[in-house]
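Take a look at the structure below.
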Protein chains: 2
Amino acid sequence: MPPPAAVPTRAVAADERERTWSIAEVAAEFGVTHRTVRHYEELGLITPERRGTTRVYHRRDRTRLGLILRGKRLGFPLEEIRTIIDLYDAPRGRRSQLEYVLAQIDERRADLEQRRRDIDSALSELTEFERRCRVDLDRLA
Amino acid sequence: MPPPAAVPTRAVAADERERTWSIAEVAAEFGVTHRTVRHYEELGLITPERRGTTRVYHRRDRTRLGLILRGKRLGFPLEEIRTIIDLYDAPRGRRSQLEYVLAQIDERRADLEQRRRDIDSALSELTEFERRCRVDLDRLA
DNA sequence: GTATTGCTTTACGTTGACGTCAACGTCAAC
DNA sequence: GTTGACGTTGACGTCAACGTAAAGCAATAC
């Protein structure tokens, strides 16, 4: 069978959506080592496809990796990060499931807002301290 | 000698300022173990007075402990926390010292602002996710 | 061919942040 | 004077989050 003469736009978009990456590519892109990526897989934070023994990463895996690293920047432990990002994929068919998810969301939000308060007070202390330093500097001038 | 008949306000205030605490008191107050408090001392984050072998904690130590724990909530490693809170006590006599401190402040601020951006995006994603969950819930009703 | 490159697994090492346990000092209360 | 309560110093244990080294497969490069 000959290949199709022309590839319609839809198919191109599909190709683009279904682009895959190697472990080296995702690691380099996110600025981590392949060991780190595999560690996250061991903990069940990402589950790349396997072709034979080789790991194949899809857009979904990159999304999750982004969430993981942002969680890390925020200082969350990996286990907690797992419960958070799993939440986004949790089944929400039954009412009880949805209510559980909503309760979890509330907890997460409270946690994040506490962190933001911490950051804001740290920032304002820093600003005040900078002001005092500038006063000292002016006196030296 | 009889004790003084009346204690003037100034002396009361001084007493209050110079109140001290035991390791058990500060640990309980901040919700950590005494082991944790001693660990921070080993790393040079706090340096309580010694009376004989016993540690005596002053207001200054409690302030630093508060800064340490806030840093921890924000996910900073203890070594980094040490450089941060040491900054507040750093000598600022010479111009070069002041300029160094100001540069450090800028670094800290950039870091904290990155964290705040991360938190804000996490929060808005959470809000959007909650909205979708509530739509699902309404459909079930 | 073989040599290099890129991926794989297995497995042990390391660092940070404490926990835990042993062995002992000290001081007020009984 | 001994019994607690609270303090002390080591020293080793543990858990998370990886690092690192060893050894092997599989495809391309020469």
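Quick note on labels: first sequence line is chain A, next is B, and so on, each numbered from 1. Given the structure is predicted, the values throughout are model-derived calculations rather than measurements.
- Phosphate proximity of dG25(C) to Thr53(B): absent, as no side-chain N or O sits under 4.0 Å from OP1 or OP2.
- Heavy atoms of Arg51(A) sit nowhere under 4.0 angstrom from any nucleic acid atom.
- Rounded to whole Å, atom P of dT9(D) lies 9 Å from atom CD1 of Ile23(B).
- Remark: dC30(C) base-pairs with dG1(D); criterion is Watson-Crick or G-U wobble with both hydrogen-bond distances under 3.5 Å.
- Considering only the side chain of His39(B), dA17(C) comes nearest among dC18(D), dA17(C), dT9(C).
- Put simply, the side chain of Arg51(B) never gets that close to the backbone of Val56(B): no donor and acceptor are under 3.5 Å apart.
- Computed from coordinates, the Leu65(B) CG to dC18(C) P distance equals 11 Å when rounded to whole Å.
- Between Leu123(A) atom CG and Ile119(A) atom CD1 the span is 7.0 Å, to the nearest 0.5 Å.
- Between His34(B) and Glu79(B), the residue anchored nearer the 5' end of DNA chain C, judged by the nucleotide with its closest heavy atom, is Glu79(B).
- In this entry the distance linking CZ of Phe76(A) with P of dA16(D) reads 18 Å, nearest Å.
- The side chain of Thr54(A) sits closest to dT8(C) out of dT20(D), dT8(C), dG19(C).
- When the side-chain nitrogen and oxygen atoms of Thr36(B) are compared with OP1 and OP2 of dG19(C), one or more of them lie within a distance under 4.0 Å.
- Minimum atom distance to the side chain of Ala24(B) is reached by dG7(D), of the listed dC7(C), dG7(D), dG19(C).
- Applying the side-chain hydrogen bond (donor to acceptor under 3.5 Å, both in side chains) test between Asp136(A) and each of Arg95(B), Gln97(B), Arg92(B) identifies Arg92(B) as the sole match.
- Relative to the side chain of Arg35(A), the nucleotides dT8(D), dT20(D), dA17(C) differ in distance, and dT20(D) lies closest.
- Here the CG atom belonging to Leu74(B) is positioned 5.0 Å from the CG atom belonging to Asp118(A), to the nearest 0.5 angstrom.
- The nucleotide whose nearest atom lies closest to any side-chain atom of Arg38(A) is, among dG19(C), dT10(C), dT8(D), dT10(C).
- Rounded to the nearest 0.5 angstrom, Leu69(A) CG and Thr36(A) OG1 are separated by 8.5 Å.
- Considering only side-chain atoms of Ser22(A), the nucleotide from dG7(D), dG10(D), dC7(C) that sits closest is dC7(C).
- The CD-C1' distance, from Glu41(B) to dA17(C), rounds to 16 Å in whole Å.
- For the pair Glu80(A) CD and dA17(D) C1', the interatomic distance rounds to 15 Å; values are reported in whole Å.
- Checking dC7(C), dG19(C), dT8(D) against the side-chain heavy atoms of Arg55(B) singles out dT8(D) as nearest.
- Closest approach to the Lys72(B) side chain among dC7(C), dG7(D), dA17(C) is made by dA17(C) (side chain taken as heavy atoms from C-beta onward).
- In this entry dC30(D) has dG1(C) as its Watson-Crick or G-U wobble partner, both defining distances falling under 3.5 Å.
- With distances taken from any side-chain atom of Arg50(B) to the nucleotides dT9(D), dG19(D), dC18(C), the minimum falls on dT9(D).
- The interatomic distance linking Leu45(B) (CG) with dG16(C) (P) rounds to 13 Å, in whole Å.
- Rounded to an integer number of Å, the gap from Glu42(B) CD to dT8(D) C1' is 12 Å.
- Contacts of Phe129(A) classified as ring-ring contact (aromatic ring centres under 6.0 Å, His included), with partners at least two apart in sequence or in another chain: Tyr88(B).
- In this entry the distance linking CG of Leu78(A) with C1' of dG16(C) reads 14 Å, nearest Å.
- Of the side-chain N and O atoms in Tyr40(A), one or more sit less than 4.0 angstrom from OP1 or OP2 of dC18(D).
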